[in-house]
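Following: one structure in structure tokens, then a few remarks.
Every chain is numbered from 1 and lettered A, B, ... according to where its sequence line falls, protein lines coming before strand lines.
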There are 2 protein chains.
Amino acid sequence: MADIKQGKIKSRESQLSTTLKDQLRCQSCGLTPLCLPVGMSEAETEKLDSIVHRNTPYHKGDHLFRQGDKFKGIYVITSGSVKSYYINKHGEECIVGFYLPGELIGLDAIHNRVYSCSVAVLETTSACEVPFSQLQSLTSEIPSLQHQLMCLLSKEVHNDCEMVAILASHSAEERLASFLLSLSSRYKSRSLSALEFNLSMSRTEIASFLGHAVETVSRTFSRFQEQGLLEVNRKQVKLLNIEALADLGGNTLTSSTTGFP
Amino acid sequence: MADIKQGKIKSRESQLSTTLKDQLRCQSCGLTPLCLPVGMSEAETEKLDSIVHRNTPYHKGDHLFRQGDKFKGIYVITSGSVKSYYINKHGEECIVGFYLPGELIGLDAIHNRVYSCSVAVLETTSACEVPFSQLQSLTSEIPSLQHQLMCLLSKEVHNDCEMVAILASHSAEERLASFLLSLSSRYKSRSLSALEFNLSMSRTEIASFLGHAVETVSRTFSRFQEQGLLEVNRKQVKLLNIEALADLGGNTLTSSTTGFP
DNA sequence: CACCTTATTTGACTTAGGTCAATAAGTATT
DNA sequence: AATACTTATTGACCTAAGTCAAATAAGGTG
């Protein structure tokens, strides 16, 4: 809870061995094609790398930051996953998003310099912390960094619009199908299996995100399984009929763009 | 429908008289504090102004662009309002957002250079068109433009997160209350009345946006009126009890941040 | 002005999904 | 390993919201 405050970050970082650090540099990171260094030269990537903090892995329940904290920088998940949530006035946790490796966190805090959500780790997770003031200085030196940051912001806007589309679709089946397909395609673009993956979030967290009761999520999973659309065993999911799921959950921007009138 | 295609933009523009054009320049625009020129010098603002296209007003049903169109630039509403929507696979119109004066449209298309939604005008509306390639060139000359563009992108991400929070809140009352409060605060920050305004969108459009049936939206309006929370007559809305509405719809990021635990 | 079309409201009925409660299957703790 | 604790599933029941249908109101058009 308090373990990411103040100087602790530096102490975490110093625990990492030099060899491990080398493996984690931007230059050798497998997520580079999704991340900030897109289009940057070796030398530029090195400059970016030099401002990035890499802490020791976070553990389930740890927080990257909390709702209301002063904005320091953006985070990129390198492994694991996190949830972004806020506490509503009834004291309930409302989940606004999940982030997977290669995804940027904290972009919404740039404009007012305050994190509007808390971000907690769902499983053992590594993340890069990119101090924003330094990032901003670098952008004036490195045009492609500037460009890529803007593209990533734009992509985030796009993803959020898609999420709005999913949430406005009424049925529980549509929402869950869209959610699973979203995870699937995100895993795929990270060269992970698009058909078989582990849900790092609980049913309760999925329910909160999709705006349903836990029981509804659970029942919908069961129904999908009965219908042969997927196999589910607790956190382990295997999608058996992507097309049928897409038919259900196809109420999204991207899929509708392909079937554009 | 086809009236914004190709050279038509220029012919529209040329119809504007020189005096009218002067009134519409960025330098004298009342929306400047919300828009791109924030933090820019007089000379820089003039440069920005010179790349902006201002067309003759659009009329209800006109499109700024359509889903699938190649990305040309971003638009800023200067008066009136528009809806952003896509057509789902059942051929239904799904509304993803409404935009008011001072709000930027098309930010989600920067990253892949394709508009993912159609944007149609809800009432007589004026908009500035900012060609993106020229805007991008200007950003390298004008650091504060760069910065402001990023802030606006960040703000858009933030707004979208808020929308996700609203849509994940279950009840029709919560959603409609949040929607009305969102409009209210947006009007307020544009120095318009926060308590009394005109809905430029139809009940059907509100329903589509909030993911409800039209009848539900209509009934919820009626219930709010019975409870004395507002007065509504067709498009005309007068909020009578903002606090009570906020209690209902307070499931949002910003309001929860104030009542932060 | 009369007619037509479209938007909104309201009522009656139905259903998807919420709530409550019990059970089962994992996980963590001692 | 036994215990307690948490998470997920399933059933029974109920309510909010969807659907269908009709009435009303507003706007548009010849």
Could you give the CZ-to-P distance, from A:R203 to C:dG18, as a whole number of Å?
-> 16 Å
Taking only side-chain nitrogens and oxygens of A:R234, does any of them come within less than 4.0 Å of OP1 or OP2 of C:dA25?
-> no
Please tell me which of A:V232 and B:V217 maps to the more 5' nucleotide of DNA chain D, matching each residue to the nucleotide holding its nearest heavy atom.
-> A:V232
Distance check: side-chain N/O of A:S202 vs OP1/OP2 of D:dT6, anything under 4.0 Å?
-> no
Partner residues of A:T124 under the side chain to side chain donor-acceptor pair (under 3.5 Å) criterion, sequence neighbours left out | none
Nucleotide nearest B:A213 when distance is taken to its side chain, options D:dA8, C:dA21, D:dG18 | D:dG18
A:E92 atom CD is separated from C:dT19 atom C1', nearest whole Å, by 13 Å
Presence of donor-acceptor pair under 3.5 Å, side chain of A:R223 and base of D:dT10 | no
Measure from CD1 on A:I206 to C1' on D:dT9 and round the result to the nearest Å.
-> 14 Å
With the side chain of A:E215 defined as its heavy atoms from C-beta on, choose the nearest nucleotide among C:dA21, C:dG17, D:dA8.
-> C:dA21
Among D:dA8, D:dT10, C:dG18, which nucleotide sits nearest the side chain of A:T204?
-> D:dA8
Should we say atom NZ of B:K60 is surrounded by more than 12 heavy atoms from elsewhere, each under 6.0 Å from it?
-> no
Residue met sooner reading DNA chain C from 5', once A:V214 and A:N233 are mapped to nucleotides | A:V214
Side-chain contact, heavy-atom cut-off 4.5 Å: B:F224 with B:L176?
-> yes
Taking only N and O in the side chain of A:S218, is any of them less than 4.0 Å away from OP1 or OP2 of D:dT9?
-> yes
State whether A:S222 places a side-chain N or O below 4.0 Å from either non-bridging phosphate oxygen (OP1 or OP2) of D:dT10.
-> yes
A:N198 CG - D:dA8 C1' separation (whole Å) | 15 Å
From the candidates D:dT10, D:dA21, D:dG18, the one with an atom nearest any side-chain atom of B:H212 is D:dG18
Do A:H53 and A:N55 come close enough that some side-chain heavy atom pair is under 4.5 Å?
-> yes
Nearest-Å distance, CD (B:E123) to P (C:dA7)?
-> 16 Å
Between P of D:dG27 and NZ of B:K60, the distance in whole Å = 10 Å
Whole-Å gap separating P (C:dA16) and CD (A:E174) | 13 Å
Any donor-acceptor pair under 3.5 Å joining the side chain of B:R219 to the base of C:dG11?
-> yes
Protein-nucleotide distance (B:L176, atom CG; C:dT8, atom P), rounded to Å = 13 Å
Main-chain N/O of A:L100 paired with A:E103 side-chain donor or acceptor, under 3.5 Å | yes
